[in-house]
Structure formats: C-alpha cells, structure tokens
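Encoded as structure tokens, the structure appears first; notes follow it.
Residue numbers begin at 1 in each chain, while the letters A, B, ... track the order of the sequences.
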Amino acid sequence: MKDAIASNYSLIYAVVAAIPKGEVATYGQVALLAGLPGRARQVGYALHALADPSLPWHRVVNAKGEISLRSGGSEGDRVQRLRLEAEGVVFDRCGRIDLERYRWRP
DNA sequence: CCCATGACTGATT
DNA sequence: TAATCAGCCATGG
C-alpha cells in the first residue's frame, strides 16, 4: 500500500490538513470536499493507513460527533480527544462534540 | 475474479 | 437519543 499517495488519498489528506484549528469535520464532509461523495468509508480507510503526525487527522470525527475507535486498540482515540480539547473543542458528558457548533463550514 | 473486512452515512423505527 | 438496516467502495487474501 505504497501507492497511497498516488490515489485519492492525497486529496483526502489535503482536505484534512485544511481543517481550521478548533473545528472538526465528519468523514462524509471530508469525502465530499475531496471529491468522493458517499465514500466516507474510504476516507476512514485512508486515515487508518495514515501515519503522519503532522496531519491534523484528529479533527476528523464520525457523523455523530464522536471519536471513531479504530482497530488495533491503539491509544489514538485518547490522543485525538486530548488534541481537540487543546484546540478549544469541548466534549459533552458522553464524549461527543456539538457538530452544530464546531463543524467546519468552508 | 471472488469474498470478507472496515477510523462511515443516512433514513427509519 | 439510541438502535437497526442497507448502501457505499478500496484493500488484502
């Protein structure tokens, strides 16, 4: 899977990198902006394959405004929340984000 | 080529 | 608000 940069992933990464600090975007949102409407799943797949710490992937959450847990039992989910809180994003008691308030609107 | 899996979404109940 | 169902498609075996 070395051809990741040769696929639409580049576009996905570009969109993720364009998310303003303190805001979040859903997978569907990223997919749409990346020119892949309805392919939210592939966006998640792309992020799963990603391993770039300089990319603000933590600003990408699912449609419910929750942190998507990934396989592997990584600590990523925990880090994601901490990073978002560090940017001013507030989680409710259920660990969810108010999308109406923090959702990125380009 | 076929099959199973997956950081998902949206409508419906 | 939460749970369920069906649809989406790239990736790997």
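- Under a hydrophobic clustering in which Ile, Leu, Val, Met, Phe, Trp and Tyr are joined whenever their side-chain heavy atoms come within less than 4.5 Å, directly or via other members, A:Leu32 and A:Ile19 fall into different clusters.
- Relative to the side chain of A:Ala40, the nucleotides B:dA7, B:dG6, B:dT9 differ in distance, and B:dT9 lies closest.
- Of the candidate nucleotides B:dT9, B:dA7, B:dG6, B:dA7 has the atom lying nearest to any side-chain atom of A:Arg70.
- Following rounding to the nearest Å, A:Tyr13 (OH) and C:dA10 (P) show an atom-to-atom distance of 15 Å.
- For the pair A:Glu66 CD and C:dA3 C1', the computed distance is 13 Å after rounding to whole Å.
- Between the CD atom of A:Gln42 and the P atom of B:dG6 there is a distance of 14 Å, rounded to whole Å.
- Few gaps surround CZ on A:Arg83; more than 12 heavy atoms of other groups in view lie less than 6.0 Å from it.
- Taking atom CD of residue A:Gln29 and atom P of nucleotide B:dA7, one finds them 21 Å apart after rounding to whole Å.
- Between the side chain of A:Arg103 and the backbone N or O of A:Arg101, no donor-acceptor pair lies under 3.5 Å.
- Side-chain N/O atoms of A:Arg41 and base N/O atoms of C:dG7 include a donor-acceptor pair closer than 3.5 Å.
- At whole-Å resolution of the value, CZ in A:Arg39 and P in C:dA10 are 7 Å apart.
- Proximity note for A:Tyr45 (side chain, C-beta onward) versus C:dT11, C:dC9, C:dA2: the nearest is C:dT11.
- Of the candidate nucleotides C:dC8, C:dT1, B:dA7, B:dA7 has the atom lying nearest to any side-chain atom of A:Gln80.
- In this structure, the separation between CG on A:Asn8 and OH on A:Tyr13 is 11.0 Å, given to the nearest 0.5 Å.
- Checked for salt-bridge contact, A:Glu87 and A:Arg59 meet the test: a charged N lies under 4.0 Å from a carboxylate O.
- The A:Tyr9 side chain lies nearest to C:dT11 when the options are C:dC9, B:dA7, C:dT11.
- Phosphate proximity of B:dC8 to A:Ser68: present, with a side-chain N or O under 4.0 Å from OP1 or OP2.
- Taking atom CG of A:Leu99 as the reference point, atom P of C:dT1 lies 11 Å away to the nearest angstrom.
- Rounded to whole Å, atom P of B:dC8 lies 13 Å from atom CH2 of A:Trp57.
- Straight-line distance from the NZ atom of A:Lys64 to the P atom of B:dA11: 14 Å, rounded to whole Å.
- Residue A:Leu36 is classed as having no contact, given no heavy-atom separation below 4.0 Å to the nucleic acid.
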